[in-house]
Structure formats: C-alpha cells, structure tokens
There are 2 protein chains.
Amino acid sequence: MPEGPPRPRRGASTIEEVARAAGVSRQTVSNALNAPHRVRPETLERVTTAIRELGYQPDQSARSLRSGARRTLGYLAPVDDPLDPNPLMAGFLEALVDAAGAEGRRVLLFRPAPPTADPTAAIDELVAARQVDGLVLADVLAEDARIAHVARLGVPFVSFGRTGPGEPQHWVDIANDAAMAEVVRHLAAQGHRRIGYLGAAEELPWMAARRAGFLAEAHRLGLTAVALPGAEATAPSAVAAVRALLRGPDRPTAVAAGSDLLALDVYEAVRAEGLAVGPGGVAVTGFHDTPLCRHLHPGLTSVRLPLRAIAAALVGRLLGRLRGEAEPAAGLELPTELVVRGSSG
Amino acid sequence: MPEGPPRPRRGASTIEEVARAAGVSRQTVSNALNAPHRVRPETLERVTTAIRELGYQPDQSARSLRSGARRTLGYLAPVDDPLDPNPLMAGFLEALVDAAGAEGRRVLLFRPAPPTADPTAAIDELVAARQVDGLVLADVLAEDARIAHVARLGVPFVSFGRTGPGEPQHWVDIANDAAMAEVVRHLAAQGHRRIGYLGAAEELPWMAARRAGFLAEAHRLGLTAVALPGAEATAPSAVAAVRALLRGPDRPTAVAAGSDLLALDVYEAVRAEGLAVGPGGVAVTGFHDTPLCRHLHPGLTSVRLPLRAIAAALVGRLLGRLRGEAEPAAGLELPTELVVRGSSG
DNA sequence: TTTGTGTATTTGAACGTTCAAAACACCCGG
DNA sequence: CCGGGTGTTTTGAACGTTCAAATACACAAA
C-alpha cells in the first residue's frame, strides 16, 4: 500500500531547527512547549519567538510515538437507520469536535465497515492501531454490545446515553422522562386535561423513557392519558392511530410526540379530522427541537437538548479518566429546555 | 499538558514480537504487510499466522513517522448556521467515512476554533502538526477563502462543491441546475404550465444554480415561471410571498422549492389559501430528500443526492493526487435522482 | 575555598516502524 | 569451479519527538 514517494514536507520545521534558531537544545524547546515553568523566562521568550517565526508545530506522529498520548478521541458513529436517522447526529458531532478542540484534542470518526457492520471489530482495529486515547459512543442501547466490548478491553470510554446497571457508569445523558414530564406540566398549565402521546414503547431506551415519563406525570397530575405506539418508519399507521384517537370518546385536546418527525404525523391527523393545531384546537409538541420546528405552521413546541453541555461533559470525563483521576461514581444527567411555540401556547 | 503516565498498552504487540514468533526478522514482517509479493509464500504464511495469533496491528504513529503517510483525511466541518443547517451534513459525513474506510483511510474531523472561527487557522494547525495526508472541504462558496488558502499552501485537497474558475478544479458536485431542470420537466409532464419557485437567489452558489436551472428550463419549455426569494431563516415572509403569488393573476399550479424545509412553507401557503397540496391542487417539490419528505402528507417529491457516489469520488480523487497520479483536468458532476411522491403526482 | 542545593540546560536513549543497502541462497551458463 | 543474475531475508540507520539521567550554573552556607 505505498503512498507514493513521501512528498517534500511543505516548510514543516522540526524541533531541531527551532533549537538552532533560538540557540538552545532540542529538549529546551520541548520543555518550553510541554513544561514552560521549567524554562527560564528569558529563554522561554527566545524559544517562543523562534517557534513563532518558523511556524513550528510538533509532529503529532513523533510526539505520539514517544509519549504514548495520541491527543485524539475516537467517535464511533452509530449505524444509522436511513428510515429513522438520528436527528441530532450532526449537531452533536459539531459540539463534540468543539469541546475536544477546546481541550486540544481532535476527533477521529469511524464506523463499522459496511459488509459486516460489526462495531466491535471496528473498535478493535482502531485500538490495535493505537490511533486514539479513548472513545466516545452514542445511541447506547440496553445490553449494548459495544459497551460490553470496550469495558472488557479496558479502553477508556464515555457514552452519550446511559449504560446498563451492571456496566461502568461513564455516561452523560438527558433526562428523557423528566423532559416529557415538563411537557405534560406545560400542557396541564394550558388547561389540557386529556392528552395523548405518540411514540415507540420499547425498542429504544430513550423513547421508552419519554413514554414512561409522559404517563407517570400525567398520572401524577390526574390527567387522562393515552399513549399510542408510533414507529418512525410507518407514518401512515401512526396518522391513522392518532386520527382514531381524536375521533374516539374523550378526545384529547393535546398530543405530545416522541420526536419532531412524529409530530408531523400528529399535525396531519389533527388537520385530517378537521381540527386546528394549536391551543384552540389540539395542542402538539415534539422532541429534539430540530430546524423543522420553526418551519412548521404553527411553530412546533419542542424539547431542546443541551448538546454543547453534553459534549463538554463527555470530553471532560474522558480526559479525567485518561489522567487517571478518580472516577465519578455515576453518570451525569443534564436538563433539557422546553421551547414553547405556537403549537401549544 | 501532560497526559499523565503513559498507561500500559493493553496487549499491544510490536512488529519485533511477531518477528520472533515467526522466526524471521523485523523487516520481513513489515514486507509481509506492505509488499507481500517480496516474501516467499511459505514465509508469508508463517508470518501471517503469527500476526493473527498475536492480534498484531502496526502502530499508526510509528508508521506515519517513518513513512510520512498519515493514512488519515481531514474533513473541515462547515461553520454551520444554526438557522440554516446543512441538511445533509450527517449523511455526507457517513458516506465519507465509509468511502475513506474502504480505502483504509480514517477521517479526522476538525472545525475552526469558536472564538475567532477562522478556518484558515484551523487548516494551518492541522497541516503543521502533520496529522492528515489531505483535506476534504464542503459547502464551497464563490471566492472561498478556504480554497484559496489550501491551494496556496499546496495541501492536497478536494471539495464537495465547485471551486471558482481561477482555482484548481478538484471538486465533485451535483448538477444543481440540471436537477431543477428535471423537476421542471416533471411538472410540465404532469400538465403544469404556470409554475413558481421559492429559493434564495445569490448568497449560496448552489441555491443560485437551482434557481437559474429552474428559470432556464421553464423558459425553454415555454412555461410561465415566477421565482420568489426565500431566505431559509425567515419563514413567515416566505409564506406570505407564496400566498401572494397564489392569490395573484395566473396562479401557478405548481411550486418548486430550493430545499425541503422551504417546501414546508409552500405547503403552509397553499393550505392557507384554501387549496390542497398535490396534483389536483398545487403541486410542490423540495430538494435534498430528507426524511422529512416521507413524513409529510402528501409525501414530498424531492431531489435525492448521490452522497455515497460523491464521497467515493472525492476520496478516489484525493488518493489519486496523493499517489501523484495525473490529475483530472476538471471537476466531476454527478447526477441526482428525482423521487416522486404524492405532492406532485 | 569548599561544599551543598536547587535551578536550568544538555546529552544519550528510546518509542515502533520503514527505508536503503547489504548479505545470503539459489540457479544458470560458461 | 566460477561469475552473474534473481529472489529472499537481514542489518543498520533514520523519522521527530519525549524520557531519564547527566551536566553546568548560580548562589548560599560551612
């Protein structure tokens, strides 16, 4: 697999050249970079100037080889179901890259190779090639094979999404149930007493938690609540189910959805029944606060995720583990924010 | 910035250990890996077995340091406008990672650091630290500072989106104008003679091209066409503009939108005017074929981008340049696919 | 002056791999 | 039996950095 002749490195200077320019030795330049306090201020100044003038930056490969630290975090991109794409993958990745960058770390993206699509094999390759210091996982399922694998391997990792009770608790997550409870309270405050919910029940932990949070809070407030299953991929049946609910006795005056896309189906069902979306007709809410929410009419009330805070917490915890600091005993749950728009008030 | 004591490397074996196990020298193992034809079949067999049994993979840092090849491609994530997020960022990235992986390359994600958000500085850092062999850029604008910068630096790169006439033509793109022309022909085939268009005119090259393609093809077919500006961020005014168009004389029977999100505004305008979306009322089309299309009622006709082909072409061209092969003289334009749904037929 | 102590700097070695060239083994024609 | 390929394997060096230990320096105490 020759890459061809190693092209001449564009003006890339080495530590030796900087040392010569500053009239010091290799190691002093290294110290100026990695342990400035060990260098006399006057010398530091001279070295810094030379570094600046030569545009020097340490070769990351050489640095990694010698020190063992890769300064890179791996992000295992979830195998995306094209029918049910993760609506916040892009936003989360951005936040993750920024959070890592703020700590001087880069993010290496990888995915299971398409034919087998085996995530554990992908992890093994990356780890064996020593390309990353640690891993960030997302979309964690119950009994997740990836978590079990990295835990067994002893690879430092954190996950966006909580891990099972028997596994290491290195996760950051949102409080899905509490978020839906807030939605319910919001609807109750608007005077709704009969409310519906559209969203899958079991397959995905976060969807299950939203549903459970909905039902629990509705019960606590003494509301009449009906939860419908809604598979993201089967829009027609979801619409039909909501329409039937709206036609039945005790028609709900509000319907919460487990995602923004599902809320679209609710919009359709409400209108097909000759009703209006909004506080006067049937109130609707979504989840994720995708750009879609602002483009709907009326705008869709939704739950916004603190992606930047999540990413920062993940990176912080992972770097903490890498430094060998005492590990926090439990996962971290971050609060969401309810964004109210015309669809509910 | 110490990473702490270099943790003991989990069972990571070295080339020396493999060599010992197979009873050969360092270099023979290296050859078995990088130039198998130079190794006697019998020896190759023995080495391969040892590699498998020890789970050996070459340390990427050591390999990079010596050979100069990083086996990693950098992807400069566009600075995303939260009001107008790139709807295919996630899908494109997936495709890119897979395409790179198929060639044994990884993708390193990076973004301009938030305070200054200067992309050229981010590029300089990555290149100076010699972390990647080449760059993939996206969302290329006219007179793009990033393109000019990498061209001046001499960094190997390719871009998703065409570069200006004076710049190197290392791009892969879709034919935005041809895609919209196909939409127009589709609508004409459905009997529409008066059609409207909603989409920005100038800021973004791809939006300008879609608009131009729309107008050109409508003119060629002798249709009556009206194009409205539609800033993604200002939904209310877009809706008002479409409504005015629908109320005016010579009401169009079809409206094409420059993106799926803008099509939502068209849906709203059509309904607000008491009309129906679809072939019977006002036909509507979008662009990008996001999951949204399937969740609308009726489903939204849209233009699907060949993201996997684009990614494969980009990676192929970039690796070609790295191998020093003769460069294709011009950019590559790939065809889109019109996905017809209920909104137009 | 000597000794000690701490700080600042330098030197030799090592990280794990591939490159370049040398060594070895074998076969062929003379 | 020798010289010259050709094909395979080994050896020494190098990539650019940081680690670990050694050295030089400055200054105070003996």
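Note on naming: letters A, B, ... go to the chains in the order of the sequence lines (proteins, then strands), and numbering restarts at 1 for each one.
- Note: CG (L65(A)) to C1' (dC15(C)) measures 4 Å, nearest angstrom.
- Side-chain N/O atoms of R66(B) and base N/O atoms of dT17(C) include no donor-acceptor pair closer than 3.5 Å.
- For the pair N31(B) CG and dA23(C) P, the computed distance is 18 Å after rounding to whole Å.
- In this structure, the CD atom of E45(A) is 17 Å from the C1' atom of dA8(C), given to the nearest Å.
- As judged by a 4.0 angstrom heavy-atom cut-off over every strand, T43(A) is placed among residues touching the sugar-phosphate backbone only.
- Taking both residues in full, the closest heavy atoms of A50(B) and A21(B) are given as CB-CB, 4.2 Å, listed atom of the first, atom of the second, then distance.
- The shortest non-hydrogen separation linking A69(B) to Q60(B) is O-NE2, 4.1 Å.
- Rounded to whole angstrom, the span from the CD atom of Q60(B) across to the C1' atom of dT17(D) amounts to 17 Å.
- In this structure, L33(A) atom CG and dT18(D) atom P are separated by 7 Å, rounded to whole Å.
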Pair D124(B), H149(B) - check side-chain contact (heavy atoms from CB on, under 4.5 Å), show working.
CA-CA 9 Å; D124(B) 286 342; H149(B) 190 66; 2.7 Å; yes
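- Near DNA chain D, meaning a heavy atom under 4.0 Å from it, residues 15-29 of chain A has I15(A), R26(A), Q27(A) in order of number.
- Between the CG atom of D59(A) and the P atom of dC15(C) there is a distance of 18 Å, rounded to whole Å.
- Taking side-chain N and O atoms only, R63(B) has a distance below 4.0 Å to OP1 or OP2 of dT18(C).
- In this structure, CZ of R70(B) is placed 14 Å from C1' of dG16(C), rounded to the nearest angstrom.
- Heavy atoms from other residues, nucleotides or ligands lying under 6.0 Å from CZ of R46(A) number more than 12.
- Contact between the side-chain N/O atoms of N34(B) and the OP1/OP2 oxygens of dT18(C) is found at a separation under 4.0 Å.
- Rounded to whole Å, atom P of dG16(D) lies 16 Å from atom CD of Q131(B).
- Exactly one of L108(A), L137(A), V136(A) qualifies for a side chain to side chain contact (heavy atoms under 4.5 Å, CB included) with Y75(A). That residue is V136(A).
- Contact of the E16(B) side chain with the R26(B) side chain is registered, since non-hydrogen atoms from C-beta on lie closer than 4.5 Å.
- Between H170(B) and F157(B), the ring planes lie perpendicular to each other; the angle is over 60°, past the 30° to 60° tilted range.
- Residue R40(B) places at least one side-chain N or O closer than 4.0 Å to OP1 or OP2 of dT9(D).
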